[in-house]
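Since the structure comes first, as structure tokens, the remarks are kept for the end.
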Amino acid sequence: AGDDTQTDERGIETEGDSSDSENQGDKPDDDRPIGPEETSEEKEEGNNKKLYSTFPLFTGYKEYDFIEKLIAVAKSQLGESEGAKGYTKFGEFFGHPYEAWCTEYVMWCIDQTEKETGLNYFKLYYPKTDYSGGCVDFYSKRGWFFKGGSSFIPRRGDIVVFDYDFDGVTDHTGLVTGVEYDESEDRLYILTIEGNIPEDEPGGIVRERRLAADWNKIYGYGTFLISE
């Protein structure tokens with residue numbers, strides 16, 4: 001059983017409000033805008049935080065729209081928790097409704113977004129898997145996996161995986177919703193939404209977190225960053 005959310009010298013988190021596919025998507029033409037520039041930023045009034053809106057390079061309108069809808073779907077599940085005997089609809093999506101469901105939650109959200117948009121991004125940009133190691137395998141084979149603690153800055157819609165046991169094997173999955181740089185601390189934070197977080201066990205719930213980018217439990221990120 002896990003304790004309440006913990007903070008250590010490398011990982012800082014705050015609880016959020018509990019309230020192979022043939023469709024390749026459209027790629028933008030050379031003279032067509034690609035959405036927000038990767039380096040665009042906004043400053044919040046009254047503090048020293050910079051909020052970065054980062055999206056995959058060379059992303060077309062459909063991909064951009066998918067990411068935004070995916071995050072909206074994920075946030076619509078904030079506060080969703082386990083039912084009797086640990087039941088979740090996220091686990092049921094993979095046929096095991098009473099088992100651990102962190103990766104299943106992310107996959108369920110992707111599936112709902114596919115239905116909403118009519119786009120098929122499973123096995124193209126996202127894996128369809130029920131465990132965190134499947135995410136690592138999918139992105140590593142494509143050269144789209146980046147280790148935590150590296151110079152890589154994740155983007156909205158990326159998948160983040162964790163290694164809580166420090167044994168080199170991932171054991172938890174979440175979805176990146178943004179990054180935030182705090183000038184007063186000179187520190188980068190990763191904003192996520194996750195379910196069945198180890199600190200919440202037993203009795204997992206969907207909630208948001210703000211994690212130090214250099215937290216040693218972050219194993220890495222899967223992204224559909226596309227290079228020319």
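Just so it is clear, the values below take in all heavy atoms, side chains as well, and ignore hydrogens, waters and symmetry mates. Just so it is clear, the model here is predicted, and its values are computed rather than measured.
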Open item on the list: Could you tell me if E63 and Y125 have a donor-acceptor pair between their side chains, going purely by distance under 3.5 Å?
Closed with: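 Side chains of Y125 and E63: pair found under 3.5 Å.
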
To check you understand the geometry: which heavy-atom pair defines the closest contact between [X] and [Y], and what is its length?
| X | Y | answer |
| --- | --- | --- |
| T129 | G134 | OG1-CA, 3.6 Å |
| T113 | L70 | OG1-CA, 3.3 Å |
| Y139 | P127 | OH-CD, 3.5 Å |
| G195 | H172 | O-CE1, 3.3 Å |
| C135 | V161 | CB-CG1, 4.2 Å |
| Q112 | V73 | CB-CG1, 3.9 Å |

- [ ] For the pair R187 and D214, evaluate side chain to side chain contact (heavy atoms under 4.5 Å, CB included) and give the outcome as yes or no after the intermediate values.
- [x] CA-CA 9 Å; R187 199 171 198 183; D214 60 354; 3.2 Å; yes

- [ ] List the steps and the verdict of side chain to side chain donor-acceptor pair (under 3.5 Å) for D186 and Y181.
- [x] CA-CA 7 Å; D186 188 24; Y181 177 68; 2.2 Å; yes

Taking [Y]'s backbone N and O only, do any of them form a donor-acceptor pair with [X]'s side chain (distance below 3.5 Å, no angle check)?
| X | Y | value |
| --- | --- | --- |
| Y105 | A74 | yes |
| N196 | A100 | no |
| R210 | L191 | no |
| S132 | T170 | yes |
| E180 | Y189 | no |

Quick one: pull up [atom1] in [X] and [atom2] in [Y] and give me the separation to the nearest 0.5 Å.
| X | Y | atom1 | atom2 | result |
| --- | --- | --- | --- | --- |
| F152 | Y221 | CZ | OH | 8.0 Å |
| F90 | C109 | CZ | SG | 6.0 Å |
| L175 | E208 | CG | CD | 10.5 Å |
| D130 | M107 | CG | CE | 9.0 Å |
| Y87 | S81 | OH | OG | 12.5 Å |
| Q77 | I205 | CD | CD1 | 11.5 Å |

TODO: Show your reasoning for whether side chain to side chain contact (heavy atoms under 4.5 Å, CB included) applies to W108 and W101.
DONE: CA-CA 10 Å; W108 183 91; W101 50 276; over 6 Å; no

Open item on the list: Checking side chain to side chain contact (heavy atoms under 4.5 Å, CB included) between V176 and each of D158, T223, I153, I71, which is the one that passes?
Closed with: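 So the option named by the test is D158.
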
Open item on the list: For T173 and E194: C-alpha separation, side-chain torsions, deciding distance, then whether side chain to side chain contact (heavy atoms under 4.5 Å, CB included) applies.
Closed with: CA-CA 7 Å; T173 306; E194 308 165 44; over 6 Å; no

Task: Same apolar cluster (I L V M F W Y, side chains within < 4.5 Å links), I110/Y131 - done: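 No, I110 and Y131 fall in different hydrophobic clusters.
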
- [ ] Check the hydrophobic clustering (I, L, V, M, F, W, Y; side-chain heavy atoms under 4.5 Å; chains of links allowed) and say if L188 and V160 are grouped together.
- [x]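 Shared cluster, yes.
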
Task: ring pair (Phe, Tyr, Trp, His ring centres under 6.0 Å) partners of Y126, counting only residues at least two apart - done: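 F224.
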
Open item on the list: Under 4.0 Å between a side-chain nitrogen and a carboxylate oxygen: does that hold for R207 and E199?
Closed with: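 The answer is no: the pair does not qualify as a salt bridge.
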
- [ ] Under the side chain to side chain contact (heavy atoms under 4.5 Å, CB included) rule, what do I159 and F138 come out as? Steps first, then yes or no, please.
- [x] CA-CA 11 Å; I159 288 179; F138 176 87; over 6 Å; no

TODO: Taking the side chain as every heavy atom from C-beta outward, state whether Y219 and F145 have any atom pair closer than 4.5 Å.
DONE: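 Side chain of Y219 against side chain of F145, heavy atoms only: contact under 4.5 Å found.
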
Open item on the list: Counting C-beta onward and ignoring hydrogens, is there a side-chain heavy-atom pair between D163 and D171 closer than 4.5 Å?
Closed with: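 A side-chain contact exists here, since the closest heavy-atom pair is under 4.5 Å.
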
TODO: Could you list all the salt bridge (charged side-chain N to carboxylate O under 4.0 Å, His left out) pairs where at least one residue sits in residues 96-115, not counting sequence neighbours?
DONE: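 Qualifying pairs: D111-K115.
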
